[in-house]
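Before any comments, here is the structure.
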Amino acid sequence: ANMSREGGGDITPSVSHNSGRDVDIGFYAMDKRGRRVDPDALVVFDPKGEAGELRFDTERNWLLVKAFLTDPAVQVQWIFCKSALRERLLAHARAAKESEDVIARAEGVLGEPGNSSSHSEHFHVRLYCARHERLEGCLNYGTTHAWVDDFESAVVERTAQLVLDFKHKDPAKVAAAIEKIQAIRGDTAVGALADVVASGSTRGVKLAALAALAVLPSAKSVAPKLAAALTGTRDEALRQPLLESLAAIADPSTAGALEAVLRDGKAPLAARTTAAKGLGKMLAIGSARALIDALAERRGPLREAVSEALLRIANRSYAGKKAVQRWLDWWRANREKTRLQWVQDSFAEKKIKAGKDDPPKKRAGAVRRLIAAMRPGGPVAFNARVLIAELTGFWMEQGHFTDRQMFRFYTSWVKSGGLRGALTAPPATEP
């Protein structure tokens, strides 16, 4: 069935298949007498493994799964298929006395996806990035199974080599090294990249370093240094990229620097808008009053960014001519509360009320209503997930997934029994 476009990119009707590491493979089948049949089209099997005159060939389908899991040349991240068919395959593996290691891997990779069809007619196989691909910028998303080599040591080694190029006299070569670090997510270079920003390097090299820092997970460790550079620089062309990097990193320790820009009425509109977005992303509750004050200016992009930041932080919004006054009244009444309490209060106003100490049945009802609130996406969906985590302990990072996919993930989590398991699991004990 589907593989991928030669040059990558979307391919219908698949949801993924963007990078050449996904393939859809039709199931092996047999007739009622057990004779092998190889259909020339995908066949939809029901939970019993039946499709009219055809039957799901459990033995051959298991051998295919086993072949993927034991192939030394590849590492498999997922083999999606319908849950009922997954159970048939695992039961067969246990009956065939396959090794515990292979069965454990099969249990880890076989599953029904949360963001697309149930896969009743094919396997969807997703491979991890190979070593040579990883060192060119191929990125894995989602689960990394315990047995997988993610080639992190190779990335660290390659990053160290690229950092040596920072000393090169040719700015183009330095910028190319930084861009490669960004592509492979060379996280161990954050210190060196921050030094580049604070150095006398050319503006182009500094911009490359800021773009890399905006996507590296450990950049929070150097965010204060970037904030100091923002305060100290006289290069107006560098201030906006610095702000954008700080907003993307979203380290709460830099909220003061962003708030100062937001409050500066003489700062460019783009700078103040970026600052508002950053404060929202970092959930800067201490800057809520500054954001409310900025609403009074009624300047299009800035007001939109401020409104969204407040919605993300406080999980509420006010419209109309009295919006600012309503925000100020809310702030005076609630400024001593925690952000979680703000989120809980706003959902309680929508008749979604539960605490982590409430009975499982009450929490389950609240979680289902919170998942329904996730459907439109945006900051409210994010805060719904925050409260779900408070009630159940379950949290899924959004990463590169769309709001629609997140809604489907959480819906599938409930249907597959994840909510029931989270609510009935014994409390964790201290080690």
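On a predicted model such as this, the values are computed, not experimentally measured, just so you know.
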Stepwise, does the side-chain contact (heavy atoms from CB on, under 4.5 Å) test hold for Val109 with Arg126?
-> CA-CA 9 Å; Val109 305; Arg126 158 67 62 82; over 6 Å; no
Side chain [X], main chain [Y], donor-acceptor under 3.5 Å:
X	Y	answer
Glu112	Ser83	yes
Lys206	Ala198	no
Gln77	Tyr141	yes
Glu87	Ala84	no
Glu308	Ala305	no
Arg289	Gly286	no
Tyr410	Met396	yes
Ser307	Glu304	no
Arg86	Leu110	yes

Kindly state each residue pair satisfying side-chain hydrogen bond (donor to acceptor under 3.5 Å, both in side chains) with at least one member in residues 210-222, sequence neighbours excluded.
->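 Counting only pairs at least two positions apart or across chains, the side-chain hydrogen bond (donor to acceptor under 3.5 Å, both in side chains) contacts touching residues 210-222 are Asp187-Ser218.
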What residue pairs, at least two apart or across chains, pass side-chain hydrogen bond (donor to acceptor under 3.5 Å, both in side chains) with a residue in residues 254-273?
-> Glu259-Arg263, Glu259-Ser287, Arg263-Asp293, Arg272-Glu297
Applying side-chain contact (heavy atoms from CB on, under 4.5 Å), run through Phe347 and Trp342 and close with a yes or a no.
-> CA-CA 9 Å; Phe347 279 122; Trp342 291 351; over 6 Å; no
How long is the span from the [atom1] atom in [X] to the [atom2] atom in [Y], to the nearest 0.5 Å?
X	Y	atom1	atom2	answer
Met406	Thr411	CE	OG1	11.0 Å
Phe401	Arg408	CZ	CZ	12.5 Å
Arg105	Ile79	CZ	CD1	11.5 Å
Leu262	Leu302	CG	CG	6.5 Å
Glu157	Phe151	CD	CZ	13.5 Å
Arg131	Ser153	CZ	OG	7.5 Å

May I ask you to decide whether [X] forms a salt bridge with [Y], counting only side-chain N to carboxylate O separations under 4.0 Å?
X	Y	value
Glu136	Lys180	yes
Arg316	Glu349	yes
Lys225	Asp195	yes
Arg363	Asp358	no
Arg94	Glu107	yes

If we only count heavy atoms from C-beta on, is the [X] to [Y] side-chain gap below 4.5 Å?
X	Y	result
Val44	Leu42	no
Leu291	Ile313	yes
Val222	Ile249	no
Leu310	Trp330	no
Met374	Val380	no
Phe56	Val43	no
Leu226	Ser245	yes
Val197	Leu213	yes

Closest non-hydrogen atom pair, [X] against [Y]:
X	Y	answer
Asn140	Cys129	OD1-N, 2.9 Å
Ala106	Leu90	CB-CD2, 3.8 Å
Ala212	Ile178	CB-CG2, 4.0 Å
Ala323	Arg303	CB-NH2, 4.2 Å
Val76	Tyr128	O-CE1, 3.4 Å
Gly20	Ser4	CA-OG, 3.5 Å

Within 45° of the ring axis of Phe382 and under 6.0 Å from its six-membered ring centre, is that where the NZ or CZ of Arg312 lies?
-> yes
With a cut-off of under 6.0 Å to the ring centre and 45° to the axis, is Arg385 in cation-pi contact with Trp395?
->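 Relative to the ring axis of Trp395, which defines the angle, Arg385 lies inside both limits.
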Angle class for the His145/Trp147 ring planes (parallel below 30°, perpendicular above 60°, tilted otherwise)?
-> parallel
Which class fits the ring pair Phe80 and Trp78: parallel under 30°, tilted 30 to 60°, perpendicular over 60°?
->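 Ring orientation of Phe80 relative to Trp78: parallel.
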Is there a side-chain contact (heavy atoms from CB on, under 4.5 Å) between Leu238 and Leu207 once you walk through the steps?
-> CA-CA 8 Å; Leu238 193 61; Leu207 294 179; 3.9 Å; yes
Ignoring hydrogens and geometry beyond distance, is a side-chain donor-acceptor pair present between [X] and [Y] at under 3.5 Å?
X	Y	result
Asp329	Gln325	yes
Asp251	Ser253	yes
Thr274	Gln240	yes
Arg339	Asn383	yes
Asp403	Gln398	yes

Pairing residues for Glu98 by the side chain to side chain donor-acceptor pair (under 3.5 Å) criterion, not counting sequence neighbours |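 With neighbours one apart ignored, the set is Trp62, Lys66.
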If you count the non-hydrogen atoms of other residues, nucleotides and ligands that lie under 6.0 Å from NZ in Lys82, is the total more than 12?
-> yes
When you look at NZ of Lys350, are more than 12 heavy atoms from neighbouring residues, nucleotides or ligands closer to it than 6.0 Å?
->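 Above 12, so yes.
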Show your reasoning for whether salt bridge (Lys or Arg N to Asp or Glu O under 4.0 Å) applies to Arg239 and Asp235.
-> CA-CA 7 Å; Arg239 284 181 63 80; Asp235 186 349; over 6 Å; no
Take Cys81 and His122 through the test side-chain contact (heavy atoms from CB on, under 4.5 Å) and record every step on the way to the result.
-> CA-CA 7 Å; Cys81 67; His122 69 277; over 6 Å; no
Verify the ring-centre separation between Phe123 and Phe68: is it less than 6.0 angstrom?
->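 Not under 6.0 Å, so no.
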